[in-house]
Amino acid sequence: PRAADPLAQYVSAEDEELSQEASFGLAELGDGRAVPGLLRLARGLDLTVGREALAKIQRLGVPDAADGLVEMLADEQFLGRRANLLRALGTTGATHVGPVLERHLEGDDVASAAMALAALDYDPAYARLLRMIPRPRDADFSTPTVANEMAFMNRTAAARAPGRYGRPDAAEALMTIIEDPLDDRRLRLDAGLALGAIADEETLRQILGRIHAEDLDEVAKRYYVTALWQNPSREISSDLMELVLDTNTPPDVRRAA
């Protein structure tokens, strides 16, 4: 950390390479004084350097970067960096950028916008994301097609977000996807991963119950097994040990337990 003060002197250096090294160095030290230099680099002509600067802003996660990122997001010349901008905005903790991020749930960067909103823990967008998850009643997603690929991608983005929000009340929506034979298997897997990330003790016991259910197909059970991997729980350890010791337990379930 003692290196921060000497580095900070060169963030605004006229020599671009010197400024870049100082800004990146400060960012590695977790020092917010890197933000002005990183924003300048993010606006530069070099796409690789620009994206790396945005990635460092994302890891820094400081509110000071928010307004500069919003300004870039509104500029068409930075279209190729939009996904990076959205993800960086999500880690700033600046709640006033929530509406800006939410608008991008209707664009081409739904996945980045959804994860940014989740990282920001922006409550007004949470219910909207949950509404995006269910399969339309008249659509069969079990066989991927060009016609439903965009809808699949948007639903996938929405299904992954609850795992980052960390709210157990999304469990029902995710379990519906896991058990739906007419839904895309890729999405069912993602739902299992997200379910494991948000599962509390009650939800984990529900998962175990569904793994044992006779009315559930083996494919759905495999996706529930992925949920067990995500969330080791001391509270249900005795239940898991029973699965390990039971020789009738399917191998995939036994390994997860």
Side-chain angles (χ1 to χ4, degrees), residues 1-123 125 129 153 156-157 160-166 190 193-194 197 230:
R2 288 180 299 160
D5 287 341
L7 284 170
Q9 299 177 44
Y10 297 100
V11 168
S12 301
E14 291 185 12
D15 184 300
E16 187 173 329
E17 185 177 353
L18 187 59
S19 173
Q20 178 179 325
E21 291 294 338
S23 300
F24 282 7
L26 274 180
E28 292 296 330
L29 293 171
D31 194 307
R33 288 178 290 180
V35 168
L38 292 174
L39 285 172
R40 187 167 58 253
L41 291 165
R43 296 187 186 99
L45 295 176
D46 191 315
L47 182 60
T48 301
V49 172
R51 285 177 171 168
E52 187 175 351
L54 289 170
K56 291 187 182 299
I57 291 174
Q58 181 179 339
R59 287 196 294 272
L60 268 178
V62 291
D64 293 349
D67 291 338
L69 293 170
V70 169
E71 184 180 324
M72 285 184 66
L73 196 60
D75 194 328
E76 288 294 322
Q77 70 173 309
F78 301 119
L79 190 63
R81 305 174 198 187
R82 182 174 289 168
N84 306 82
L85 285 163
L86 290 168
R87 289 181 181 272
L89 271 170
T91 65
T92 61
T95 54
H96 71 278
V97 306
V100 176
L101 294 173
E102 191 172 359
R103 285 198 291 274
H104 286 274
L105 289 177
E106 299 174 0
D108 296 328
D109 295 288
V110 177
S112 295
M115 293 309 291
L117 287 163
L120 192 64
D121 196 21
Y122 185 64
D123 189 67
L129 286 164
M153 291 172 64
T156 297
R160 289 175 177 174
R164 188 70 183 268
Y165 268 102
D190 277 328
L193 295 170
Q230 309 308 310

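As the structure is a prediction and not an experimental result, all values here were calculated from the model. Position 1 is the first residue of the sequence, and the numbers go up from there.
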**Student:** Drop me the distance from Arg2's CZ to Leu7's CG, to the nearest 0.5 angstrom.
**Tutor:**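 Reported value, rounded in 0.5 Å steps: 13.0 Å.
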
**Student:** For residues Leu105 and Leu129, determine if any side-chain heavy atom of one lies less than 4.5 Å from a side-chain heavy atom of the other.
**Tutor:** yes

**Student:** Looking only at heavy atoms, which two atoms of Tyr122 and Tyr165 are closest? And how far apart?
**Tutor:** O-OH, 2.8 Å

**Student:** Who pairs with Arg160 by side-chain contact (heavy atoms from CB on, under 4.5 Å), at least two apart in sequence or on another chain?
**Tutor:** Met115, Thr156, Asp190

**Student:** Taking all atoms of both residues into account, what is the closest heavy-atom pair of Arg164 and Ala119, and its distance?
**Tutor:**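 Taking every non-hydrogen atom into account, NH2-CB, 3.5 Å.
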
**Student:** State, with a plain yes or no, whether a side-chain heavy atom of Val35 is found less than 4.5 Å away from one of Val11.
**Tutor:**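 Heavy-atom side-chain distance check fails, nothing below 4.5 Å.
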
**Student:** Mind listing the closest non-hydrogen atom pair of Arg40 and Ser19 along with its distance?
**Tutor:**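 Closest approach of Arg40 to Ser19: NH2-OG, 2.8 Å.
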
**Student:** Write down the atom of Ala157, the atom of Val110, and the distance for their closest heavy-atom approach.
**Tutor:** CB-CG1, 3.9 Å

**Student:** First locate atom CD of Gln230, then atom CG of Leu193, and finally report the distance between them rounded to the nearest 0.5 Å.
**Tutor:** 5.0 Å

**Student:** So, taking the atom named CG in Leu85 and the one named CE in Met72, what distance separates them when rounded to the nearest 0.5 Å?
**Tutor:** 4.5 Å

**Student:** Hey, are the side chains of Leu54 and Leu69 touching, using non-hydrogen atoms and a 4.5 Å cut-off?
**Tutor:**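 The answer is yes, as the side chains (C-beta and beyond) meet within the 4.5 Å cut-off.
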
**Student:** Taking all atoms of both residues into account, what is the closest heavy-atom pair of Leu26 and Ala8, and its distance?
**Tutor:** CD1-CA, 3.7 Å

**Student:** How close do Leu117 and Gly98 get, counting heavy atoms only, and between which atoms?
**Tutor:** CD2-O, 3.7 Å

**Student:** For Glu106, check side chain to side chain donor-acceptor pair (under 3.5 Å) against everything at least two apart and list the hits.
**Tutor:**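 Applying side chain to side chain donor-acceptor pair (under 3.5 Å) to Glu106 gives Arg128.
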
**Student:** Rounded to the nearest 0.5 Å, what separation is found between the CG atom of Asp109 and the CG atom of Leu79?
**Tutor:** 7.5 Å

**Student:** If a pair satisfies side-chain hydrogen bond (donor to acceptor under 3.5 Å, both in side chains) and one of its residues is in residues 70-83, list it, with sequence neighbours excluded.
**Tutor:** Asp75-Gln77

**Student:** Rounded to the nearest 0.5 Å, how far apart are CG of Leu38 and CD of Gln58?
**Tutor:**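 CD of Gln58 is found 12.5 Å from CG of Leu38.
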
**Student:** Kindly state each residue pair satisfying side-chain hydrogen bond (donor to acceptor under 3.5 Å, both in side chains) with at least one member in residues 86-96, sequence neighbours excluded.
**Tutor:**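 For residues 86-96, and leaving out neighbouring residues, the side-chain hydrogen bond (donor to acceptor under 3.5 Å, both in side chains) pairs sorted by first residue read Asp67-His96, Arg87-Ser112.
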
**Student:** In Å and rounded to the nearest 0.5 Å, what is the CD1 to CG distance from Ile57 to Asp64?
**Tutor:** 11.0 Å

**Student:** For residues 21-30, pull every pair meeting side-chain hydrogen bond (donor to acceptor under 3.5 Å, both in side chains), keeping only residues two or more places apart or in separate chains.
**Tutor:** Glu28-Lys56

**Student:** Please name all residues satisfying side-chain contact (heavy atoms from CB on, under 4.5 Å) with Asp123, sequence neighbours left out, ordered by chain then number.
**Tutor:**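 If we apply the side-chain contact (heavy atoms from CB on, under 4.5 Å) test to Asp123, skipping adjacent residues, the hits are Arg167.
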
**Student:** State, yes or no, whether a side-chain contact exists between Asp5 and Arg33 at a heavy-atom distance under 4.5 Å.
**Tutor:** yes

**Student:** Are the side chains of Tyr10 and Asp15 in contact, using a 4.5 Å heavy-atom criterion?
**Tutor:** no

